[in-house]
Amino acid sequence: MATFRDHLDKIVVVNTFDSFYRLIDDRFSTSRDLVQMLDDNGQEIDTHSKIREYILKFHFPTIDDDVNLSVQTDKISEFDLITEEEIISIFEDCKNDKSPGPDGLTMGIIKEIFFDYKSLFMKLLNLCLLKGIFPKAWKRANVALIPKSGKDLRLPNNYRHICLLPVWGKVLDKILAQRRLFS
């Protein structure tokens, strides 16, 4: 019996996963380009980890733990189950070789999994829909900060952020967005 790793080796002939990271590394290397960052009070932040944390908090503010986000479970039963046609429609609009999120799976790999295990794939997405959950792992992203050319890099708004999210979450998100758009 073939393992999942064997299946991936068969699918992935060329490693396109690291092309995005090479592009970012060529553009900005933190080891050679440490820039002093100014906080909200104009004080300098001078370590890599503090600068990274400050920029991320600037671009992605957190929700206070006191805020209670709840699911309207009475509305969940109103959703139709996700169909094979919806998933295929999403796949047709997505490129296979985009950089993956933290799980390392590209759209091409997810498509292969879908076409080999359609019922399992649809069961997973429909379970998320019926339970009213969006798994935390699908919300985690690799974030690349790209400095804007000719800008004062001591200010956090002079960095462009790119989030690389897991494809599973993108598929579910696109299905829900498509349903809202056409309902």
Side-chain angles (χ1 to χ4, degrees), residues 8 12 14-73 75-76 90 93-110 113 124-125 127-129 131-181:
L8 291 179
V12 182
V14 177
N15 180 7
T16 59
F17 298 167
D18 63 347
S19 57
F20 174 79
Y21 300 103
R22 276 197 320 269
L23 171 73
I24 298 304
D25 189 44
D26 290 347
R27 210 102 184 240
F28 184 70
S29 171
T30 54
S31 62
R32 69 172 187 266
D33 294 330
L34 178 61
V35 174
Q36 298 295 319
M37 177 73 50
L38 300 178
D39 67 14
D40 296 332
N41 301 320
Q43 301 296 316
E44 289 187 352
I45 307 168
D46 59 359
T47 65
H48 288 289
S49 60
K50 288 179 184 176
I51 290 171
R52 182 182 64 234
E53 187 174 325
Y54 183 72
I55 294 172
L56 287 174
K57 283 185 179 181
F58 176 85
H59 287 287
F60 304 101
T62 57
I63 297 173
D64 293 333
D65 290 338
D66 298 338
V67 176
N68 206 358
L69 301 176
S70 61
V71 175
Q72 292 181 323
T73 53
K75 303 283 185 194
I76 292 173
I90 297 300
D93 294 334
C94 298
K95 295 183 180 179
N96 290 345
D97 59 351
K98 292 281 190 173
S99 295
D103 60 6
L105 301 175
T106 63
M107 182 62 76
I109 293 172
I110 297 297
I113 293 170
L124 173 66
L125 293 180
L127 193 57
C128 290
L129 192 64
K131 296 281 185 180
I133 61 169
F134 196 99
K136 285 183 181 180
W138 295 357
K139 298 175 194 175
R140 296 192 202 296
N142 288 339
V143 179
L145 298 170
I146 303 171
K148 295 178 182 177
S149 302
K151 299 288 184 173
D152 183 355
L153 299 182
R154 295 177 301 160
L155 304 173
N157 60 328
N158 290 328
Y159 290 84
R160 184 173 293 110
H161 55 278
I162 296 176
C163 299
L164 301 173
L165 294 160
V167 175
W168 293 99
K170 288 181 187 178
V171 171
L172 182 57
D173 184 59
K174 286 176 186 283
I175 289 170
L176 296 176
Q178 200 170 53
R179 285 182 174 191
R180 283 191 55 112
L181 187 64

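Residue indices begin at 1 and follow the sequence shown.
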Inset, instruction - Only counting residues at least two apart or in another chain, list the ones meeting side chain to side chain donor-acceptor pair (under 3.5 Å) with Asn41. - result: none

Legend entry - Positive for side chain to side chain contact (heavy atoms under 4.5 Å, CB included) with Ser99, one of Ile162, Asn142, Thr106, Leu164: Leu164

Legend entry - Exercise: identify the closest heavy-atom pair between Leu105 and Asp103: N-OD1, 3.1 Å

Legend entry - Contact summary for Cys94 and Lys174, nearest pair of heavy atoms: SG-CE, 3.9 Å

Legend entry - Taking every non-hydrogen atom, the tightest pair across Phe134 and Asp173: CE1-N, 4.2 Å

Inset, instruction - Over all heavy atoms of both residues, which pair between Trp138 and Pro166 is shortest? Give the atoms and the distance, please. - result: O-CD, 3.6 Å

Legend entry - Counterpart residues, side-chain contact (heavy atoms from CB on, under 4.5 Å), relative to Leu165 (two or more places apart): Ala141, Lys170

Inset, instruction - Drop me the distance from Ile110's CD1 to Asn96's CG, to the nearest 0.5 angstrom. - result: 11.0 Å

Legend entry - side-chain contact (heavy atoms from CB on, under 4.5 Å) involving Lys95 - partner list, sequence neighbours excluded: Asp97, Lys98

Legend entry - Residue list, side-chain contact (heavy atoms from CB on, under 4.5 Å) with Lys151, at least two apart or on another chain: Lys148, Asn158

Inset, instruction - Please identify each residue that fulfils side-chain contact (heavy atoms from CB on, under 4.5 Å) with Leu127, with sequence neighbours left out. - result: Lys131

Legend entry - Nearest heavy atoms of Leu172 and Ile133, plus distance in Å: CD2-O, 4.5 Å

